[in-house]
Number of protein chains: 2
Amino acid sequence: MNKSSNISTSVIKRLPRYYRFLGDLMQSGISRISSRELSERMGLTASQIRQDLNCFGGFGQQGYGYNIVQLHNEIGTILGLDNVKKVVLIGAGNLGRALATHMTFGAKGFQLIGIFDSKPSLTGQIVRGMPIRHTDGLDEFCRENLPQVAVLCLPKSGARDIATQLIALGIKGFWNFSHYDFSVEFPNIVVENVHLGDSLMTLCYNVEHKGK
Amino acid sequence: MNKSSNISTSVIKRLPRYYRFLGDLMQSGISRISSRELSERMGLTASQIRQDLNCFGGFGQQGYGYNIVQLHNEIGTILGLDNVKKVVLIGAGNLGRALATHMTFGAKGFQLIGIFDSKPSLTGQIVRGMPIRHTDGLDEFCRENLPQVAVLCLPKSGARDIATQLIALGIKGFWNFSHYDFSVEFPNIVVENVHLGDSLMTLCYNVEHKGK
DNA sequence: TAGATTGTTAATCGATTAACAATC
DNA sequence: TAGATTGTTAATCGATTAACAATC
């Protein structure tokens, strides 16, 4: 396990945002930027930007700043976007279908290779050019196609069993929209939780208490 | 502005999760729990739970623990879930429609009252029992119905103008799925960002570096 | 060379954890 | 009363910010 394995999650969570801002700057034709100017555009401190980047290497140049194209590439590499990971999506309800249709997995280091649902009535429906498969075929599909990542868009009740099954099949990471909580049973599995309900409640609190 | 306005965001972000766990415990018929037992179920320290709760008041009882129903209610009140906020959703693409159909706004302190899109071809389509309205009518609709919150499900390009318009119309909080960044132009507006692309890139990094 | 800006160390700030007296 | 567990203070840990020497 290399040096980058002990980078703090605070830093890692900021990397995609740097990547996005640098991408936008790239497109606007600017070729270099100082940590100070980037900090103003992003609403951070220049110090934090320099600290963050120096976790991974010295990408800047004294007296000059950072080369935008180069830094954008570096961050993309750090994030692992060029190393494509195969993804299966479990749960083809509204949310699952929206993600399948709407997300550009390709630009983020992923390739969606299969969509599954336990509801027989959905089997065979076409979403983003691929048929929804029944979860009965999940084992076989994974053994053949070796996905590394799964998106969970199903109710809490079903999520635990599917997660256990998928981990046994070699899935290394989950994009988890369900309310199933991996942390107790599988503390070492990589999970990125997206709890939309929690997010909405946080918003509720802030509107209530911080709203002008 | 009351005492709760200087609660740290770390604490606030944990409240919805407490609320969910307590709701589950409630349904399983347990009536009391100690911080130690809750900490084991949630994968936190007991100390953190007690610290968090004591930001808002002493809800426990020495030698006994916490009454689950009571604590669940208290946290609901703290989150402001019983004070319903009217919501408009802007952008009825895949994601917008999925959220409109899939989210139980009601259980989280919100009521969806209108769905808008700038694409004339969508106008009049029914989503969750209500017609998609054209954004031309947004001003009038807001003046009549006084929503306090907006969900932004549109591309970055359109988001800035709509956000500015909505703020002028009295919108106090945004659930922002767009890539528009409020922090520089509107640092004091309440915004809950859900950047699905960023989340996916974070997952990419972690699969790459932390995967066993 | 002089000016600018990084990389990096040190100082500060905030969040988490540990400890324990208060008390049910 | 004895045991359990909170509320709260103190200690630790980690993240952010400030400062500045190195250097382009």
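We name chains A, B, ... by the order of the sequence lines, and we start the count at 1 in each one.
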task = Classify the ring geometry between B:Phe182 and B:Phe186 as parallel (under 30°), tilted (30 to 60°) or perpendicular (over 60°).
result =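 Ring orientation of B:Phe182 relative to B:Phe186: tilted.
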Salt bridge B:Lys156-A:Asp24, side-chain N to carboxylate O under 4.0 Å =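 Salt bridge between B:Lys156 and A:Asp24, a charged N being under 4.0 Å from a carboxylate O: yes.
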query = Are side-chain N/O atoms of B:Glu208 and A:Asn83 paired as donor and acceptor at under 3.5 Å?
reply =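 Yes.
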query = Judged by modelled atom types alone, do B:Asp139 and B:Gln165 share a side-chain donor-acceptor pair under 3.5 Å?
reply = yes
request  = Runs of at least three consecutive Watson-Crick or G-U pairs, both distances under 3.5 Å, are what I'm after; which ones involve DNA chain C?
outcome  =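 Stems found: C:3-24 with D:3-24.
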key: 5'-most by nearest nucleotide on DNA chain D - A:Ser47 or B:Ser34   = B:Ser34
ask   = In terms of the nearest nucleotide of DNA chain D, which residue is placed more toward the 5' end: A:Ser8 or B:Arg32?
value = B:Arg32
Counting distance only, does the side-chain N/O of [X] pair as donor-acceptor with the main-chain N or O of [Y] below 3.5 Å?
{"X": "A:Lys86", "Y": "A:Leu112", "result": "no"}
{"X": "B:Arg128", "Y": "B:Ala100", "result": "yes"}
{"X": "B:Lys85", "Y": "B:Gly80", "result": "yes"}

ask   = Can you pull the contact range of chain B along DNA chain D, 5' to 3', using atoms under 4.0 angstrom from its heavy atoms?
value =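 So the outermost contacting nucleotides come out as D:dA4 to D:dA10.
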key: Residue from A:Phe21, A:Tyr18, A:Tyr19 passing ring pair (Phe, Tyr, Trp, His ring centres under 6.0 Å) with A:His72   = A:Tyr19
